[in-house]
2 protein chains.
Amino acid sequence: MGWAAVSAGEDVRLKLVEADEPEENDYHLQEQVGFILRKAHQRHVAIFAAHIADLTPPQFAALAKLHDVGETSQNQLGTLIAMDAATVKGVIDRLKARGLVELSKHEVDKRRLLVNLTAEGREAIERLIPLARDITAETLAPLSAKEAATFMRLLSKLA
Amino acid sequence: MGWAAVSAGEDVRLKLVEADEPEENDYHLQEQVGFILRKAHQRHVAIFAAHIADLTPPQFAALAKLHDVGETSQNQLGTLIAMDAATVKGVIDRLKARGLVELSKHEVDKRRLLVNLTAEGREAIERLIPLARDITAETLAPLSAKEAATFMRLLSKLA
DNA sequence: TTGATATCATTTGCATACGAATGAATTTGA
DNA sequence: TCAAATTCATTCGTATGCAAATGATATCAA
């Protein structure tokens, strides 16, 4: 440590600080919620990829939400799956290129771009939803059922 | 829905399924741990950006870890902050371009690229760490102290 | 010793993710 | 009604994030 060479003077300062406040002087990155949140998300994405190789989580989210609510505008879909306009455009473009969704213009409001599942897209999402349940289960596997319920409740408060 | 035209027959099927298993037939994206994890992470990144505008969370993580452990190889740093080799290279390149880290070759092992904080980088991270504590606090603000402790414990199990 | 492995770093390609700027269309309000 | 504000979508630029391929170097093992 840097203060070893001048330990006498520095020691006094450190002791005073510690006497004033019980606060930890060190900063431990691995204890910060943002860092752990990022790692937990990484782990989940890896689990997802192991179960569903041909779709990313955002792509799955778009299909699942379309399956849930039916035809919507691209922007509205983005709101529903927490993606900004630029991001959702890319996701939808790739799903369209693969024939899983189709686009059409809104009859009345000419600004809107309507997105809908194709038959193939519907078949795909209905086939994948059971796998998604497995993904959720595997992600939460390190927790007991009670812990998982607590975790989901608290995580929801932060999202 | 496709079964509307044959609703009578489908209704029977659905009821039988529900009788067999108490399982929920609907799939609710907003209840899946991966989706909420992604949103919680998004919220944290937004809070981070509001407090520290000129650095991203990964860049901060790199500086904070370098401050903690001192000079290391680029790959080793990546391991410590949970980034693969390709990602950490980009982060370090940008920090180097801003004069916050400096690179050097390992004397013995010529494969390794050593990374270290510059004086400016050290000054920056020491100035920012108090803000990072605020970021952690604000991210966890929706939870009580007890809930936050529980959450951190459970989240760590998933990371 | 040397051939097979393993490690470190780089590069390429693809996929989010978001701020900011832009343009078209719609809605609002004086 | 019509100008201002808003909404929807697109585009650009920047920054992760990871798989896969490659090259250089180091280590291991027969």
Side-chain angles (χ1 to χ4, degrees), chain A residues 34-35 37-50 52-63 71-98 100 103-115, chain B residues 34-35 37-50 52-63 71-98 100 103-115:
Chain A
F35 184 72
L37 221 36
R38 177 170 144 269
K39 289 216 298 176
H41 183 249
Q42 279 178 1
R43 173 172 166 272
H44 166 76
V45 172
I47 292 171
F48 188 102
I52 301 179
D54 57 345
L55 227 50
T56 65
Q59 289 167 1
F60 176 88
L63 294 183
E71 187 174 63
T72 33
S73 74
Q74 194 175 261
N75 250 25
Q76 174 63 14
L77 179 62
T79 299
L80 294 172
I81 59 180
M83 279 178 219
D84 68 19
T87 301
V88 78
K89 186 193 187 320
V91 172
I92 294 303
D93 279 354
R94 284 180 284 276
L95 292 175
K96 180 184 180 235
R98 294 175 53 180
L100 300 176
L103 306 179
S104 58
K105 291 179 181 174
H106 192 287
E107 286 298 316
V108 178
D109 188 338
K110 296 178 184 174
R111 295 169 305 178
R112 296 189 202 177
L113 185 64
L114 295 175
V115 189
Chain B
F35 183 72
L37 221 36
R38 178 170 144 269
K39 289 215 301 174
H41 183 249
Q42 279 178 1
R43 172 171 166 274
H44 166 76
V45 172
I47 291 170
F48 188 101
I52 300 180
D54 56 346
L55 227 50
T56 65
Q59 289 167 0
F60 176 88
L63 294 184
E71 187 175 62
T72 33
S73 74
Q74 193 175 262
N75 250 22
Q76 175 62 16
L77 180 60
T79 299
L80 294 172
I81 59 179
M83 278 178 219
D84 68 21
T87 301
V88 78
K89 184 192 187 325
V91 172
I92 293 303
D93 280 354
R94 285 180 284 276
L95 291 176
K96 179 181 180 238
R98 293 174 53 178
L100 300 176
L103 305 179
S104 57
K105 291 179 181 173
H106 192 286
E107 285 298 315
V108 178
D109 189 339
K110 294 179 183 175
R111 295 170 304 178
R112 296 190 202 176
L113 186 64
L114 296 176
V115 190

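Proteins get letters first, then strands, A, B, ... in listed order; numbering begins at 1 in each.
- Atom NZ of A:K89 and atom C1' of D:dT11 are 9 Å apart (whole Å).
- Separating the CD1 atom of A:I92 from the P atom of D:dT10 is a distance of 10 Å, rounded to the nearest angstrom.
- Counting non-hydrogen atoms under 4.0 angstrom, A:V108 reaches the backbone sugars and phosphates but no base.
- Phosphate contact (OP1/OP2 of D:dT7, side-chain N/O of A:Q76, threshold under 4.0 Å): absent.
- When the side-chain nitrogen and oxygen atoms of B:R94 are compared with OP1 and OP2 of D:dT16, one or more of them lie within a distance under 4.0 Å.
- Using a 4.0 Å heavy-atom cutoff across all strands shown, A:T87 reaches at least one base atom of the nucleic acid.
- Between A:F35 atom CZ and D:dT16 atom P the separation is 14 Å, expressed in whole Å.
- Here D:dG17 presents its C1' atom at 16 Å from NZ of A:K39, a figure rounded to the nearest Å.
- One interatomic measurement links the two molecules: CG of A:D84 to P of C:dG19, which rounds to 7 Å at whole-angstrom precision.
- The aromatic rings of B:H41 and A:H41 lie parallel to each other, their planes meeting at an angle below 30°, with 60° marking the opposite boundary.
- In this structure, CD on A:Q74 lies 14.0 Å from NE2 on A:H106, to the nearest 0.5 angstrom.
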### Task
Apply the test side chain to side chain contact (heavy atoms under 4.5 Å, CB included) to residues B:V91 and B:L95: give CA-CA distance (whole Å), side-chain angles for both, the deciding distance (0.1 Å), then the verdict.
CA-CA 6 Å; B:V91 172; B:L95 291 176; 4.1 Å; yes
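- A side-chain donor-acceptor contact under 3.5 Å links B:Q59 to the backbone of B:T56.
- With D:dT10, D:dC18, C:dA9 as the candidates, the nucleotide lying closest to the side chain of A:L113 is D:dT10.
- Comparing A:T56 and A:R112 by the nucleotide of DNA chain C whose heavy atom lies nearest to each, the residue mapping closer to the 5' end is A:T56.
- Between B:P57 and A:L114, it is A:L114 whose nearest contact on DNA chain D lies nearer the 5' terminus.
- A straight line from CZ of B:R38 to C1' of D:dT16 spans 15 Å, rounded to a whole angstrom.
- For the pair B:H44 NE2 and C:dC18 C1', the interatomic distance rounds to 15 Å; values are reported in whole Å.
- A close approach under 4.0 Å does occur between a side-chain nitrogen or oxygen of A:Q59 and OP1 or OP2 of C:dT16.
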### Message
Before you tell me yes or no, could you show the steps for A:I81 and B:F35 under side chain to side chain contact (heavy atoms under 4.5 Å, CB included), namely the whole-Å CA-CA distance, both residues' side-chain angles and the distance that decides it to 0.1 Å?
### Response
CA-CA 8 Å; A:I81 59 180; B:F35 183 72; 4.2 Å; yes
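- Among the heavy atoms of the strands lying under 4.0 Å from A:V91 are primed sugar atoms or P, OP1, OP2 only; no base atom is included.
- Each of A:R111 and A:M83 was matched to the nucleotide of DNA chain C holding its nearest heavy atom; the match closer to the 5' end belongs to A:M83.
- When heavy atoms are screened at a 4.0 angstrom cut-off, A:D109 is found touching the sugar-phosphate backbone but no base atom.
- The nearest whole Å value for the distance from the NE2 atom in A:H41 to the C1' atom in D:dC18 is 13 Å.
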